[in-house]
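Inspection log for the structure reproduced underneath, given as C-alpha cells.
Everything numeric in this text was worked out from a predicted model, so none of it was measured. We count ligands from 1, going down the list as the structure has it; atoms in each ligand are counted the same way.
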Amino acid sequence: MVESDQPIIWIKNPLDVFAENCEGGVVVQGQKIIELVQMGQTPKATIDETYDASTSVLLPGLINTHHHFYQTLTRAYPEALNKELFPWLKSLYKVWANIQPEMLSVSTELALSELLLSGCTTASDHHYLFPDQLENAIDIQVEEAQKLGMRVVLTRGSMSLGEKDGGLPPQSVVQTKEQILSDSERLIKAYHDANEGSMTQIALAPCSPFSVTTDLMIETAELAEQQNVRLHTHLAETIDEENFCLEKFGLRTVDYLESVGWLSGRTWLAHGIHFNQEEIKKLGENNVGICHCPTSNMMLASGICHSLELENAGSVIGLGVDGSASNDGSNMIAELRQAMYLQRLRYGASKITHQKTYNWATKGSAALLGRSDIGEIAVGKQADLALFKLDELRFSGSHDSLAALLSCGAQKADRVMVAGKWKVVDGGIVGKDESELINRHSTAAKKLRQLSDA
Ligand SMILES: [Zn+2]
C-alpha cells in the first residue's frame with residue numbers, strides 16, 4: 001500500500017508532550033508523523049481515526065543503546081551477587097557458555113518485550129557470545145525482533161582474547177579473528193538496512209579491551225568503515241580495565257582506542273566512566289558517543305559517567321539499561337529516573353533536569369545509533385511514540401506530568417507505537433500472552449542453571 005492510501009491517525013490532545021508546538025497532538029500516516037497540531041487547533045489532514053490522549057503523557061519512543069538480552073537468563077544469579085565487574089564476569093562466563101539457541105530466542109523475546117512495555121521503541125543489543133552451538137546468535141535475534149515488530153540495531157559482538165592469551169574470558173567462548181570478521185560481513189549483507197525508517201540494522205562490537213585482540217579491534221574498524229556500519233564496545237567501565245590496558249598494552253583506555261583507529265563519530269561506547277580531562281577532550285573532539293548505563297554502574301560499583309563534561313567537549317550522550325545480569329531489569333523509563341538522579345550526584349539538581357534526561361534517551365540515543373529518523377516528535381520522523389497514563393497511586397497529587405513520570409517512578413507505558421503501528425495497547429503487548437512467555441523463559445533459565453551446575 002502506498003503511503004497516501006494508509007489511514008491517517010490523530011493522537012489527540014495529550015495531557016502533556018515532550019515536543020514543541022504539538023499540544024493538540026500528532027498526526028500519523030503509515031510509518032511517519034505527518035503533522036503536529038498546535039494547542040486548540042485541529043489537523044489540516046482529513047482524519048480517519050482519532051485516539052483520545054487527554055489522559056496520557058506523550059513521549060518520543062525511548063531508545064536503548066546498550067543491552068545484553070541473553071543476560072535475562074541469569075538475573076540475580078547467586079554466584080555473581082555482590083561482586084564488581086571482573087569477578088562478576090568470571091562467575092558468569094562459564095554459565096553463559098552453555099546457552100542454547102532456544103534459550104537465546106526466548107531471552108531476546110523477553111528482553112524486547114520488557115523494553116517495549118516500558119516505552120522503548122528502538123533497542124540495540126550487544127551480543128558477544130558465540131560458543132559452537134550459538135554461531136547463529138544474531139540470526140536468532142533478528143528473527144525475534146522482526147516477529148515482535150521492534151526497531152533494532154543488533155551489534156555483532158566478539159571475543160578473541162581468551163585466558164590462555166592473557167584475556168579474561170575462558171577459551172570456550174572465544175572465536176578466531178577470521179571467524180568473527182567473515183561472520184560480521186555475512187550479517188551486514190544479510191540484514192543491515194541503511195534506509196530511512198529501517199527496522200533492522202547491524203553494527204560491529206568487539207566486547208572490550210580485555211576480551212579481544214588488538215588486531216581484531218583494528219580490522220573491525222576497517223570493516224565498519226568499508227561497510228558503513230557503526231562501531232560499539234565497552235570502554236573505561238572500571239579501574240580494573242584501565243589497569244589491564246596499562247599492563248597489557250602500555251596505554252590508558254582512550255590511547256588504546258586511538259591506537260586501533262576507533263576515535264571517530266562512527267563509535268559509541270558503553271559506560272565511559274574513567275576518563276581524565278584530556279581524554280574527555282579527545283573523545284569530544286572526535287565525536288565519540290557515550291551510552292550512560294546508570295543502574296549497571298551502581299550495581300557493579302563501577303563509578304559515575306562524566307556526562308556533562310563529555311557533552312560540553314562534543315560527545316553525544318545516550319542511555320542504556322545494560323545487560324540484565326547487572327541491572328537486573330530492562331525497564332527503559334525506570335532507567336531515565338536512575339540516570340537523572342545518579343548524574344545529580346555529580347552535577348547538582350539544577351543542571352540535570354527531567355527534560356535533559358528525556359533528551360538523552362531520545363535524540364541522544366538516536367544519534368549514538370547514527371539515526372536521524374527517530375528520537376523526536378517532528379514532521380517527517382518515524383511514528384515511534386510512547387504514551388503513559390498517570391492513573392496509579394504513585395502519581396496521585398503530582399502537578400507537572402512530564403516531571404512526574406520520572407520523579408514518581410513510572411514503570412509501564414499504556415500505549416506504544418512503532419513505525420505507525422500500535423504494539424502496546426492498555427499496558428499489554430498486542431497478541432502476546434505475558435504469563436506464557438514468563439513460563440517459557442523461566443524454564444529456559446532453570447535449564448541453563450542445571451547445565452551449568454552439571
Ligand atoms: Zn554491557
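For the side-chain hydrogen bond (donor to acceptor under 3.5 Å, both in side chains) with Glu109, the lone residue among His441, Lys432, Gln141 that qualifies is Lys432.
With waters left out, the protein N, O or S atoms under 2.8 Å from the Zn ion (ligand 1) add up to 4.
Qualifying salt bridge (Lys or Arg N to Asp or Glu O under 4.0 Å) partners for Glu392, counting only residues two or more places apart in sequence or in other chains: Arg394. For Phe275, there are no ring pair (Phe, Tyr, Trp, His ring centres under 6.0 Å) partners at least two apart in sequence or on another chain.
Residue pairs meeting the side chain to side chain donor-acceptor pair (under 3.5 Å) criterion with at least one member in residues 160-172, sequence neighbours excluded: Ser160-Thr213.
Atom CD of Glu241 is separated from atom CG of Leu235 by 5.0 Å, given to the nearest 0.5 angstrom.
Note that Arg156 lies in the cation-pi zone of Phe130, set by a 6.0 Å cut-off to the ring centre and a 45° limit from the axis.
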